[in-house]
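Everything on this sheet refers to the single structure shown next.
Just so you know, these numbers use all the heavy atoms, side chains as well, and skip hydrogens, waters and symmetry mates. Chain identifiers are assigned alphabetically (A, B, ...) following the order of the sequence lines, protein sequences preceding nucleic acid strands; residue numbering begins at 1 within each chain. Small disclaimer: the values here were computed from a predicted structure and weren't measured.
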Number of protein chains: 2
Amino acid sequence: MTKPPTRIQKRNRAAILTAGLDVFSQYGFRGSTLDQIAVAAGLSKPNLLYYFPSKDAIYTALLERLLETWLAPLQQMNADGDPVTEILDYTHRKLEMSRDYPRESRLFANEIVQGAPHIADHLSGELRVLVDEKAAVIQGWAKAGKIADVDAHHLIFSIWALTQHYADFDVQVRAVLNTDDPFARAGPFLDHAVRSILRR
Amino acid sequence: MTKPPTRIQKRNRAAILTAGLDVFSQYGFRGSTLDQIAVAAGLSKPNLLYYFPSKDAIYTALLERLLETWLAPLQQMNADGDPVTEILDYTHRKLEMSRDYPRESRLFANEIVQGAPHIADHLSGELRVLVDEKAAVIQGWAKAGKIADVDAHHLIFSIWALTQHYADFDVQVRAVLNTDDPFARAGPFLDHAVRSILRR
DNA sequence: TCTTTGTTTGACCAACTGGTCAAATCAACG
DNA sequence: CGTTGATTTGACCAGTTGGTCAAACAAAGA
């Protein structure tokens with residue numbers, strides 16, 4: 001039987017995960033060091049390793065905890081709702097996540113661009129199952145003529161691409177736009193874009 | 001006066017850049033080692049540093065050489081052509097680059113996700129100038145009623161996002177689709193998507 | 001051929017890396 | 001208070017890192 005975490009354990013584990021998110025999302029797994037994370041968490045390196053057995057453990061703990069958060073918006077998509085509304089709402093939720101959780105987005109981006117060595121199983125497992133399920137729903141809407149006859153999988157990819165771009169390529173977007181709030185115009189644009197794609 | 005490169009210099013410099021592209025695009029700058037690159041190039045590590053003064057020099061040489069290739073498709077967009085055709089052709093060229101040069105795409109993705117520390121100047125310089133120029137052209141088309149009244153900058157971003165997604169997130173796309181050629185269906189889908197967005 | 005210039009390498013270095021460990025310190029509870 | 005278990009740390013380690021350097025080796029022209 002495992003003992004319940006103490007007050008200090010809760011606080012420090014949380015601090016480490018927050019620090020890990022900061023560092024890993026900026027430098028990727030191999031580019032990040034335990035020292036960086038320790039400093040960001042306000043702990044010594046050996047103390048870090050008292051709470052997590054290894055660098056890898058911090059990283060995978062982060063990734064797996066985030067995977068739920070990441071899949072939630074798609075899970076909310078309701079087969080019984082109005083097709084266009086459901087897909088647009090999903091798009092908005094994803095864009096909100098890019099705005100409110102850019103570090104999480106970049107953590108995944110880093111991981112996947114580099115070949116997803118730590119979460120390959122999750123991609124062809126949980127993720128694939130969920131996407132297939134929702135793609136079937138969308139395909140149903142398309143066959144019923146409620147939206148344009150688009151490839152549902154690629155529609156989902158396109159929503160990912162369009163929304164996550166604003167978090168993952170934030171530096172580029174800001175460099176080109178010279179705006180302090182790129183999301184202001186992104187929202188209406190994406191609304192128009194997705195609406196257009198779905199229009200029969 | 002600088003001397004012209006010898007035959008051996010040409011061969012080895014090219015080998016190093018190819019090897020660097022392989023390694024850097026997979027692991028990012030900090031995640032890559034000179035040993036990895038040396039092995040991939042078929043040279044010893046000191047020999048590598050005979051041709052390039054540092055790891056950083058190899059990386060930035062790669063990035064700057066690639067920047068031209070990367071901007072070329074957008075430069076080709078012709079203000080005097082048919083708006084829809086020009087934008088669709090641009091989309092196709094970008095998707096082709098994702099298919100034919102995925103390592104280059106991932107190299108940039110890695111760099112930009114991690115905050116573009118090596119090419120920040122290029123982003124707010126050359127890139128921004130080019131994008132502003134082409135955005136003005138697109139804005140002109142929109143004002144003239146030749147395409148839908150979309151935000152030109154975000155239209156360009158969306159084309160980047162949609163096309164580069166297939167190179168940068170290749171692992172994820174393949175894991176979900178279970179296809180050996182994700183680009184087969186991506187082409188028609190993107191055609192429909194961009195065409196829809198532009199439709200008045 | 002000899003010489004000059006270009007090329008390659010083994011040995012080496014200091015800094016940094018993830019990780020260990022015993023000892024010191026602290027918190028909580030009876 | 002005293003004791004027990006949780007927490008923290010300094011010192012340390014072996015492996016890796018980017019980079020140096022002198023010496024060995026090849027190429028090419030005179």
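Interface residues of residues 40-66 of chain B facing DNA chain D, ordered by number: B:Lys45, B:Pro46, B:Leu49, B:Ser54, B:Lys55; criterion, heavy-atom separation under 4.0 Å. Contacts of residues 14-38 of chain B with DNA chain C (heavy atom under 4.0 Å): none.
The shortest side-chain heavy-atom distance between B:Trp160 and A:Gln172 falls under the 4.5 Å cut-off. Side-chain contact between B:Lys94 and B:Trp70 is present, with at least one heavy-atom pair separated by less than 4.5 Å. Within the 4.5 Å cutoff, no side-chain heavy atoms of A:Thr163 are placed close to those of A:Met97. Looking only at side-chain heavy atoms (C-beta outward), B:Asp82 and B:Lys146 stay at 4.5 Å or farther from each other. Between B:Leu88 and B:Asp191, the closest side-chain pair of non-hydrogen atoms falls below 4.5 Å.
Heavy-atom contacts from other residues, nucleotides or ligands closer than 6.0 Å to OH of A:Tyr101 number 12 or fewer. A 6.0 Å sphere centred on CZ of A:Phe29 holds more than 12 heavy atoms belonging to other residues, nucleotides or ligands. More than 12 heavy atoms of other shown residues, nucleotides or ligands fall within 6.0 angstrom of atom CZ in A:Arg11.
Following rounding to the nearest Å, A:Ile8 (CD1) and C:dA27 (P) show an atom-to-atom distance of 7 Å.
In this structure, B:Thr6 does not reach the D:dA27 phosphate: none of its side-chain N or O atoms is under 4.0 Å from OP1 or OP2. Regarding contacts with the backbone of D:dA6, every side-chain N or O of A:Asn12 stays at 4.0 angstrom or more from both OP1 and OP2. Distances shorter than 4.0 Å separate some side-chain N or O of B:Gln9 from OP1 or OP2 on C:dT7. Contact annotation: B:Arg7 reaches the phosphate of D:dA28 (side-chain N/O to OP1 or OP2, under 4.0 Å).
Of the residues listed (A:Ile8, A:Ile58, A:Leu17), the one engaging A:Tyr51 in a side-chain contact (heavy atoms from CB on, under 4.5 Å) is A:Ile8, and it is the only one.
Across B:Phe157 and A:His165, no two heavy atoms sit closer than the pair O-NE2, 4.0 Å.
Judged by distance alone, the side chain of A:Asn110 and the main-chain N or O of A:Ser25 form a donor-acceptor pair under 3.5 Å.
In the helix from C:dT1-D:dA30 to C:dG30-D:dC1, the rotation axis of the first five pairs and that of the last five pairs differ in direction by 10°, rounded to 10 degrees.
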